Every structure is written in structure tokens, then in C-alpha cells.
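This report concerns only the one structure given below.
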Amino acid sequence: MSYHHGSLRKDLIERAAEVIASDGIEKLSLRALARDLGVSHTAPARHFKDKASLIKALAQESFGVLITELDAATERAGSDPMARYNAIGKALVHFALDRPAYFRAMSHPDVRDGSDKELVRMHAAYMSRLLDAAKAAQAVGWLPGKTPEFAVLYSSAAAYGISQLLTNTLDKSLLAGIDPSALGDEVIDLVVAPNSTPSISNTGDAS
């Protein structure tokens, strides 16, 4: 069986995202994707040598979408540094809720191993945005006495933690009667609130 549409790579990535969103990343396989798309089981190998390379390709697309959404969110938030950093946190949570497969792909061990130079570059661009925004928020009084690295770790722990809970099917019982998006926003507001400083120690640093 041959594939004539000329977009197999794109279709494999899109179908992989659907499978991850519905069944989890563990259920992903190139052979199953080939069957789903109606191509020979060897066809995906023209674009991806293995499952890990497909996940990395999906993660690259994920980082691209996330960075675009973070930039848009900060622009909508206006000029206030606290509001801008708050918007970044909420944008990450909404990204995870709207695109759970993208979010999971970005966190996969094969993506985090540092072997893909483009992923390393994209992650650096993402982290640069977080650090710059955190520094600006600290300049107006958020988390005084802490390093920008600590500020990013602190806020990211909340954003990634609630995102993991909201997108993990094993934890759906916790969300009975709760709007996930509203809950995510509330968590971010507790961590990065424009008019208040979190009540953790103001001494020490990230070391």
C-alpha cells in the first residue's frame, strides 16, 4: 500500500497527538499509526526512525505553539509586569487543557534528554521568556530576596503541577463539579497575584 497525499509526516504527527490525548503516550506506536492512516507499516520510517523521534517532532511543534501563545497572552495582559507573568502561568495551564497531547509530549523523557538540538533551542527560548518576565515581576515587588531562577521554579511548580493534575485521567475524580480552567486560573492567582506577595520566606536563594 502506498501513500499519495504528500503529507504523511504531518498526518503522523497529528494522529499521534490524537492517540496521546485519548489513550496516553504509552499506547503510541508507529505501526498502529500506519494502520490508522491506511499506509504500509514501513511508511512512517521515511520520516521517523522510531517512536522517540516522532515524539520529539510533536514536542517541537508543541513548543512552537506554546511560545506563540505565551507571547500573545503577555501582550494582552498589558504593561504591568505582575499581570504579564500571571498571564504566562495561565497560558501554560490553558495550553495543557486545550492540547493535552502537546503538553505530555513536551514532558516526555525522550524529549528532555537534550539530544535534539532544535528542542534544546526551543526550550531555551521558552525559559528565556519565563526568566525575563519573572525578573520584571520581581522588580515591582514579587518574591523579594529570591533569585529569578527560584522565582521561575516556584511558579513553574504550581503551573506544571496543576496542569498535570488537570490533564491526568487518573485524577478526574478530584474535579467533580469543578471547572478545570477556572481552577487553574485560581492556582496561578495564588502564586502570582498582581496585588499580593506569596507568604513564603523572603530570605535565601535558589541554592
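None of these values were measured; they are calculated from a predicted model. Side chains included, hydrogens not; waters and symmetry mates left out as well; all remaining heavy atoms used.
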Nearest 0.5 Å please: distance from the [atom1] atom of [X] over to the [atom2] atom of [Y].
X: Glu69; Y: His94; atom1: CD; atom2: NE2; value: 10.5 Å
X: Glu14; Y: Leu33; atom1: CD; atom2: CG; value: 12.0 Å
X: Leu92; Y: Tyr126; atom1: CG; atom2: OH; value: 4.5 Å
X: Gln60; Y: Ile13; atom1: CD; atom2: CD1; value: 8.5 Å
X: Gln164; Y: Ser107; atom1: CD; atom2: OG; value: 5.5 Å
X: Leu30; Y: Leu12; atom1: CG; atom2: CG; value: 7.5 Å

Next on the checklist: Keeping Thr147 on the side-chain end and Phe150 on the backbone end, is there a donor-acceptor pair under 3.5 Å?
Outcome noted: yes
Item to check | Cluster link Val120 to Leu66, ILVMFWY, side chain under 4.5 Å | outcome: no
Next on the checklist: Tell me whether Met127 shares a hydrophobic cluster with Val65, the cluster being built from Ile, Leu, Val, Met, Phe, Trp, Tyr side chains joined at under 4.5 Å.
Outcome noted: yes
Measure the shortest side-chain to side-chain distance between [X] and [Y] over non-hydrogen atoms and say whether it is less than 4.5 angstrom.
X: Val39; Y: Asp11; answer: no
X: Tyr154; Y: Lys146; answer: no
X: Val152; Y: Tyr85; answer: yes

Item to check | Stepwise side-chain hydrogen bond (donor to acceptor under 3.5 Å, both in side chains) check, Ser181 with Lys90 | outcome: CA-CA 9 Å; Ser181 181; Lys90 290 177 179 176; over 6 Å; no
Item to check | Verdict with supporting geometry, Asp71 and Thr68, side-chain hydrogen bond (donor to acceptor under 3.5 Å, both in side chains) | outcome: CA-CA 5 Å; Asp71 290 347; Thr68 297; 6.0 Å; no
Checklist entry - Does CZ belonging to Arg112 count more than 12 external heavy atoms closer than 6.0 Å? => result yes
Item to check | Whether over 12 other heavy atoms sit under 6.0 Å from Glu186 CD | outcome: no
Next on the checklist: Working note: Arg84 + Ile88, criterion side chain to side chain contact (heavy atoms under 4.5 Å, CB included); need CA distance, chi angles, decisive distance, verdict.
Outcome noted: CA-CA 6 Å; Arg84 289 170 70 86; Ile88 285 177; 5.9 Å; no
